[in-house]
Amino acid sequence: MIVSLDTLIAGARAGKLVSFPTDTVPALASLPSYAKLIYTAKQRSQDKPLILMGASASDLWSFVTGSEEEYKIWQKIAHKYWPGALTLVLPASALVPDSVLSISQQDVKTIGIRVPNSAIAQTILQQTGPLATTSANISGQPPLLTMAEIETQFPNVLTLEAGEDKNEIPAIGLPSTVAKWTGKNWQILRQGAVNLS
């Protein structure tokens, strides 16, 4: 269902499934407590985690937990690459609902967090707060790259109408790089648009 920006934001805040452009590939998103909707719509296995996307790093730090030293390391990386196509997988705090975590994560809880370099995504996230996100596609298929394709595959999802993002930098069409904190250094789980130095 193609909707205006205001309708999409209101829908997301009411717990509906939404889709909007980001700097990488378009996102399928919901409030973290409604993340089950994403798994159902994508026919996605419960052992695949979702990413928490926020408008700014400060919106996301409360969802992770670590030592003072670790926070310094994480914030330095975030400062260098955010907003941008880098997802950091960090130890999850008690604020992360289990619905966002994969089944395999229930013992060692981690959460992927990211701030997109996209004006339209940031506008939405500023008004909804952090959202549980993933690429818009049926699980195992390539990410859909246009709002029209998303609307066809997910007719019940509130999808942002074209033209709402006039000044937007075009998306790169590549997923984000996913880097997991091991307690000592970074492990690249998925190489995407960003090369972590």
Could you report the tightest heavy-atom contact between [X] and [Y], atom names first, then the distance?
X	Y	result
Val18	Gly11	CG1-C, 4.5 Å
Ala193	Ala85	CB-CB, 3.8 Å
Gly183	Glu70	CA-OE2, 4.1 Å
Val64	Ile113	CG1-CD1, 4.1 Å
Ala29	Thr133	CB-CG2, 3.7 Å
Leu60	Leu52	CD2-O, 3.9 Å

Within a reach of under 6.0 Å around OH of Tyr34, are more than 12 heavy atoms found that belong to other residues, nucleotides or ligands?
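Atom OH in Tyr34 is not packed in, count stays at 12 or less.
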Can you tell me if NZ on Lys16 sees more than 12 non-hydrogen neighbours from other groups inside 6.0 Å?
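At most 12 heavy atoms, drawn from other residues, nucleotides or ligands, come within 6.0 Å of this atom.
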Roughly how far, to the nearest 0.5 Å, is the [atom2] atom of [Y] from the [atom1] atom of [X]?
X	Y	atom1	atom2	answer
Tyr39	Leu28	OH	CG	12.0 Å
Asn137	Gln43	CG	CD	10.5 Å
Met1	Glu161	CE	CD	13.0 Å

Test Thr24 against Ser176 for side chain to side chain donor-acceptor pair (under 3.5 Å), laying out the working first.
CA-CA 6 Å; Thr24 54; Ser176 65; 5.8 Å; no
Tyr71 vs Trp61 aromatic rings, parallel, tilted or perpendicular, using cut-offs 30° and 60°?
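Aromatic pair Tyr71/Trp61 classed perpendicular.
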Examine distances only and state if a side-chain atom of Thr40 and a backbone atom of Lys36 form a donor-acceptor pair shorter than 3.5 Å.
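It does hold such a pair.
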Just by distance, no angles: are the side chains of Thr177 and Arg190 close enough, under 3.5 Å, to form a donor-acceptor pair?
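Arg190 and Thr177 do not have a side-chain donor-acceptor pair below 3.5 Å.
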Shared hydrophobic cluster for [X] and [Y] (ILVMFWY, side-chain gaps under 4.5 Å):
X	Y	result
Ile2	Leu17	no
Phe63	Ile51	no
Val25	Ile150	no
Phe154	Leu145	no

Check against side chain to side chain donor-acceptor pair (under 3.5 Å), Asp6 and Ser4:
CA-CA 6 Å; Asp6 289 346; Ser4 69; 5.5 Å; no
Inspect the contact between Asp23 and Arg114 and indicate whether a charged nitrogen and a carboxylate oxygen are less than 4.0 angstrom apart.
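Looking at Arg114 and Asp23, the cut-off is met.
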